[in-house]
Amino acid sequence: MPELPEVETVVRGLREPLTGRTIQGAVFPKATGRMTNIDAALLAARIAGQTVQSVTRRAKYIVATLDHDTLLIHLKMTGRLYIVPADAQHDADRYLRVSFPLSDGNELRFSDARRFGRVYLYEQPDEVLSKLGPEPLEDAFTLKQFSGLLAGRKAILKSLLLDQTFVAGIGNIYADEALHIAHLHPLRSADTLSKADIKRLHSAIREALNDGIRYQGASIQWYRQVDGSKGESQNHLRVYHDPRSEKDKRCPTCNTPIVTIRVGQRGTHFCPTCQK
DNA sequence: CGGACAACCTGGCGGC
DNA sequence: TGCCGCCAGGTTGTCC
């Protein structure tokens with residue numbers, strides 16, 4: 001599911017109900033497998049009694065800064081976070097992976113059908129976060145910086161945009177959207193971009209992601225906001241779609257049928273007329 | 001560095 | 001109605 005806009009929407013939804021609350025523990029109803037970076041019982045013991053200082057986002061990670069540690073949550077494909085009264089039944093959610101009881105009588109719950117999601121507790125979260133590329137919506141992400149990052153890169157554009165160490169937070173939907181806004185073909189090599197191409201791509205990345213946030217994320221399958229509601233971004237996408245359920249997707253600019261190919265194992269959607 | 005591919009997991013849907 | 005195969009918003013590791 002979640003790319004930068006979806007994770008940002010979830011973070012905004014978590015900020016008020018979590019900030020200032022004390023986490024009382026962590027309950028894992030099923031085997032945790034690879035979900036945590038440390039033993040689940042240790043995580044539960046260590047997190048108990050720590051108060052949430054802030055909830056922010058870095059790339060696609062939800063970052064909850066606690067008194068002594070930082071809780072990182074990655075939703076991967078199907079993770080969901082929501083808050084319910086602590087007495088709500090656990091078995092009402094067949095995909096529940098962990099719940100965190102809070103000092104105000106509520107619980108933060110993490111649900112994940114596909115079990116790819118991750119819940120990490122780090123004293124030094126930079127172990128994970130420092131490997132990530134720049135945040136594309138921050139002021140520091142300038143055209144100059146972006147040009148510098150592209151210098152010497154020869155990768156296929158679509159694959160490069162998905163590389164979290166290149167620029168953080170872009171996923172399959174918004175990579176396709178940004179390339180359409182920038183009029184660039186997903187198979188273009190990064191080393192063929194003109195100065196004008198780079199400028200368009202830089203602003204297109206921001207536009208695509210900001211649109212996603214404005215519409216509160218894309219609920220194509222599993223993604224939900226903290227309150228359980230769907231986002232609206234899926235109704236405003238230019239090229240990204242599911243070819244099986246939407247067989248006649250057309251370019252919003254020129255009405256040409258959108259073409260779907262595979263690039264680096266990912267479904268990739270583009271307008272053959274507008275994107276060169 | 002970059003591309004190809006398998007893995008991790010399960011659910012949902014199209015097609016037959 | 002079944003059952004099969006394929007696809008899915010992400011990431012990581014291996015091999016060439």
Side-chain angles (χ1 to χ4, degrees), chain A residues 1-10 30-37 57-62 72-81 93-97 110-120 127-129 131-133 149-179 186-192 208-209 211-213 215-225 230-249 260-269:
Chain A
M1 79 186 243
E3 307 182 24
L4 187 155
E6 289 74 29
V7 178
E8 179 63 29
T9 302
V10 168
K30 303 188 194 95
T32 50
R34 305 167 190 230
M35 179 172 50
T36 56
N37 62 321
R57 180 191 57 73
R58 175 78 173 100
K60 300 171 193 171
Y61 287 94
I62 293 149
L72 300 180
I73 300 177
H74 200 303
L75 303 172
K76 290 288 178 84
M77 305 281 267
T78 55
R80 289 181 185 171
L81 286 166
D93 181 352
R94 61 185 288 216
Y95 305 124
L96 183 66
R97 304 237 64 211
F110 176 59
S111 175
D112 183 16
R114 216 167 150 183
R115 295 198 228 167
F116 283 176
R118 296 291 182 260
V119 174
Y120 297 151
E127 283 182 54
V128 174
L129 304 182
K131 295 169 185 158
L132 298 161
L149 290 172
L150 278 166
R153 300 300 296 255
K154 297 177 177 176
I156 286 171
L157 227 36
K158 168 74 185 273
S159 303
L160 194 55
L161 290 182
L162 292 177
D163 180 351
Q164 300 300 296
T165 66
F166 175 67
V167 171
I170 304 169
N172 205 37
I173 295 176
Y174 298 99
D176 284 359
E177 295 297 295
L179 289 169
L187 291 175
R188 276 278 290 277
S189 273
D191 64 352
T192 67
L209 295 172
D211 281 354
I213 293 172
Y215 294 118
Q216 301 179 300
S219 292
I220 288 170
Q221 284 182 46
W222 292 91
Y223 165 72
R224 294 294 183 275
Q225 299 180 56
K230 293 185 176 184
E232 293 294 330
S233 176
Q234 70 280 7
N235 300 323
H236 301 272
L237 299 176
R238 296 164 173 79
V239 289
Y240 184 90
H241 67 294
D242 179 348
R244 295 192 300 179
S245 54
E246 197 176 348
K247 296 183 192 303
D248 191 36
K249 180 83 171 176
T260 296
I261 59 175
R262 292 196 74 79
V263 181
Q265 297 177 293
R266 316 300 304 277
T268 297
H269 317 273

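None of the values given here were measured: they were computed from a predicted structure.
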Looking only at side-chain N and O atoms, does A:R262 come under 4.0 Å of OP1 or OP2 in C:dA8?
yes
Any idea which of B:dG12, C:dT11, B:dC9 is nearest the A:R266 side chain?
C:dT11
Under 4.0 Å: is that the gap between some side-chain N or O of A:Q265 and OP1 or OP2 of B:dA6?
no
When you get a sec, tell me which of B:dG14, B:dG3, C:dA8 is the closest nucleotide to the side chain of A:M77?
C:dA8
Between C:dT12, C:dG10, B:dG3, spot the one nearest the side chain of A:A155, thanks.
B:dG3
Would you call A:R238 and A:D211 a salt bridge, taking side-chain N to carboxylate O under 4.0 Å as the test?
yes
Give the stems involving DNA chain B, where a stem is 3 or more consecutive Watson-Crick or G-U wobble pairs (i with j, i+1 with j-1, and so on) under 3.5 Å.
B:2-8 with C:10-16, B:10-16 with C:2-8
Counting neighbours of NZ on A:K30 that are heavy atoms of other residues, nucleotides or ligands and sit closer than 6.0 Å, is the number greater than 12?
yes
Counting only side-chain nitrogens and oxygens, does A:K76 get under 4.0 Å of the OP1 or OP2 atom of C:dT11?
no
Just to confirm, is there a sub-4.0 Å distance from OP1 or OP2 of C:dC6 to any side-chain nitrogen or oxygen of A:R244?
no
Contacts of type ring-ring contact (aromatic ring centres under 6.0 Å, His included), residue A:F110, not counting sequence neighbours:
none
Select base, sugar-phosphate, or nothing to describe what A:R97 touches, counting heavy atoms under 4.0 Å on all strands.
nothing
Taking the minimum atom-to-atom distance to the side chain of A:K60, which one of C:dT12, B:dG2, C:dG10 wins?
C:dG10
So does A:Y95 get a side-chain nitrogen or oxygen closer than 4.0 Å to the phosphate oxygens (OP1/OP2) of B:dG11?
yes
So, OP1 or OP2 of C:dG10: does either fall under 4.0 Å of a side-chain N or O from A:H74?
no
Base, sugar-phosphate or nothing for A:Y240? Non-hydrogen atoms, less than 4.0 Å.
sugar-phosphate
Which of residues 110-120 of chain A sit near DNA chain C, with a heavy atom under 4.0 Å from it?
A:R114, A:F116
Describe the nucleic acid contact of A:I156 in one word from base, sugar-phosphate, nothing, applying a heavy-atom distance below 4.0 Å.
sugar-phosphate
